[in-house]
Protein chains: 2
Amino acid sequence: MVSHSPIQKSASEIPEEIAGLRMTRQRQEIYRLLIEHRDHPTANEVFMRAKDQLPNISLATVYNCLEALVQHGIIRQVNFERESSRYCPNLREHGHFHDAMTGVIHDVDFKPGVNLSDVLDLPPGAVIEDIEITLRGKLIAS
Amino acid sequence: MVSHSPIQKSASEIPEEIAGLRMTRQRQEIYRLLIEHRDHPTANEVFMRAKDQLPNISLATVYNCLEALVQHGIIRQVNFERESSRYCPNLREHGHFHDAMTGVIHDVDFKPGVNLSDVLDLPPGAVIEDIEITLRGKLIAS
DNA sequence: CCGATATCAAGAATTATTCTAATTATCGTT
DNA sequence: AACGATAATTAGAATAATTCTTGATATCGG
């Protein structure tokens with residue numbers, strides 16, 4: 001009793017292919033959902049949300065889709081300590097601030113013109129392929 | 001058949017208490033080992049090394065000790081993506097560069113005088129309690 | 001030395017994630 | 001539109017790191 005309809009993009013405006021990745025119904029829905037509420041959900045949170053639109057989706061598929069999207073550079077995987085991975089459609093180079101009180105995660109941009117090698121004492125010859133900056137703290141009412 | 005001898009520190013020069021944490025034989029050995037080769041071992045690597053001196057030590061104890069040391073700010077726990085946690089006795093505020101070719105992890109210091117808020121666009125009112133900066137890349141012979 | 005408390009050890013339990021195998025969908029070709 | 005090839009999805013089993021549980025040991029203060 002699974003839908004046999006072809007990929008539908010009309011409502012969501014998500015194309016049939018992104019960065020060489022075929023956007024199946026499931027990938028589309030997961031991507032749409034990440035874009036629509038950008039609150040850095042875990043795979044399991046994505047799974048629960050996706051079930052509204054795709055009641056038959058499985059958690060394995062959510063993991064598969066998230067991995068495919070990450071591999072193709074369409075979304076980013078974010079890790080905090082040893083917690084479940086979270087997923088983020090913001091492709092700008094940025095870090096994350098994790099509010100320990102509320103659990104809310106804020107994207108943190110670099111100030112314009114900042115160059116990593118001005119800030120960090122990198123080993124000579126280091127070619128950076130990926131950066132992960134995560135901050136944990138409190139947000140004080142100011 | 002477990003040793004009943006009291007804490008011995010003579011050889012290692014590690015005091016009986018650090019930062020309010022009682023340095024038992026196991027904690028002492030684990031700490032010594034981290035200081036002696038600073039290669040960011042995993043809990044399991046620490047376990048294997050610790051067995052040379054403490055053949056009866058258990059993996060659970062290694063985890064307990066590492067956690068106690070981390071909780072008391074004596075060592076730091078370092079995470080790369082979803083890999084096993086690694087442990088590091090370097091308490092300076094620093095990041096890590098993970099050489100994807102060799103797997104070697106290099107400590108990366110901040111350049112002197114750098115202030116995080118000059119570099120990052122932090123949310124207003126953010127009070128940072130912990131920073132984790134991890135870089136992944138290659139080391140090119142220069 | 002004695003009881004109270006902390007630590008340790010062994011193995012079971014947990015949890016996020018990955019793997020496996022079978023089904024289903026899609027694509028390019030007729 | 002049907003066909004075979006390939007890719008994606010599903011459900012559930014398997015894995016791996018870590019945490020928990022419970023009983024034994026060790027240490028501390030008196």
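So you know, we letter chains A, B, ... as the sequences are listed, proteins then strands, and number each from 1.
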Review point. Under 4.0 Å between a side-chain N/O of B:T24 and OP1 or OP2 of C:dA6, yes or no?
Key: no
Check your understanding: Looking at D:dT18, C:dC8, D:dT10, which one has an atom nearest to any side-chain atom of A:I57?
Key -> D:dT10
Check your understanding: Are any of the side-chain heavy atoms of B:L139 and A:P123 separated by less than 4.5 Å?
Key -> yes
Check your understanding: If you check every side-chain atom of A:R22, which of C:dA9, C:dC27, D:dT9 has the closest atom?
Key -> C:dC27
Check your understanding: Would you say A:R86 and A:E45 make side-chain contact, with heavy atoms under 4.5 Å?
Key -> yes
Practice item. Let me know, please, whether B:C65 or A:R82 comes out on the 5' side of the other along DNA chain C by nearest nucleotide. Key: B:C65
Exercise for review: Decide whether B:T102 and B:D99 meet the rule of one side-chain donor and one side-chain acceptor closer than 3.5 Å.
Suggested key: yes
Review point. At under 4.0 Å, does any side-chain N or O of B:S58 touch on OP1 or OP2 of C:dC8?
Key: no
Exercise for review: Check whether any side-chain N or O of A:Q26 sits under 4.0 Å from OP1 or OP2 of D:dT10, and answer yes or no.
Suggested key: yes
Review point. Is any side-chain N of the basic residue among B:R76 and B:D107 closer than 4.0 Å to the acidic one's carboxylate O?
Key: no
Review point. Any idea which heavy atoms bring B:C88 and B:H94 closest together, and the distance?
Key: SG-NE2, 3.6 Å
Revision key, fill the gap. B:H72 NE2 to C:dA6 P, in whole Å, measures 12 Å
Review point. Taking OP1 and OP2 of C:dT17, is either one under 4.0 Å from a side-chain nitrogen or oxygen of A:S85?
Key: yes
Practice item. Grab the CZ-C1' distance between B:R25 and C:dA9 for me, whole Å please. Key: 16 Å
Point to revise | Presence of B:Y63 side-chain N/O under 4.0 Å of D:dT19 phosphate oxygens OP1/OP2 | key: no
Review point. Should the pair A:D109-A:R92 be classified as a salt bridge under the 4.0 Å nitrogen-to-oxygen rule?
Key: yes
Review point. Could you state the CG-P distance from B:N64 to C:dG11, rounded to the nearest angstrom?
Key: 16 Å
Practice item. Can you tell me the distance, in whole Å, between the CD atom of B:E17 and the P atom of C:dA6? Key: 13 Å
Exercise for review: Could you please name the option among D:dA17, D:dT10, C:dG11 that lies closest to any side-chain atom of B:A60?
Suggested key: C:dG11
Practice item. Grab the CD-P distance between A:Q77 and C:dT17 for me, whole Å please. Key: 8 Å
Revision key, fill the gap. Among D:dA11, D:dA17, C:dA16, the one nearest any side-chain atom of A:S84 is C:dA16
Exercise for review: For DNA chain C, determine which residues of residues 37-44 of chain B have any heavy atom closer than 4.0 angstrom to one of its atoms, and list them numerically.
Suggested key: none
**Study point:** For atom CG of A:N56 and atom P of C:dT23, their distance in whole Å
**Key:** 17 Å
Exercise for review: Nearest whole angstrom, please: distance from the C1' of D:dA8 to the CD of A:E67.
Suggested key: 13 Å
Review point. Do the charged groups of B:R136 and A:E129 touch, with an N to O distance under 4.0 Å?
Key: yes
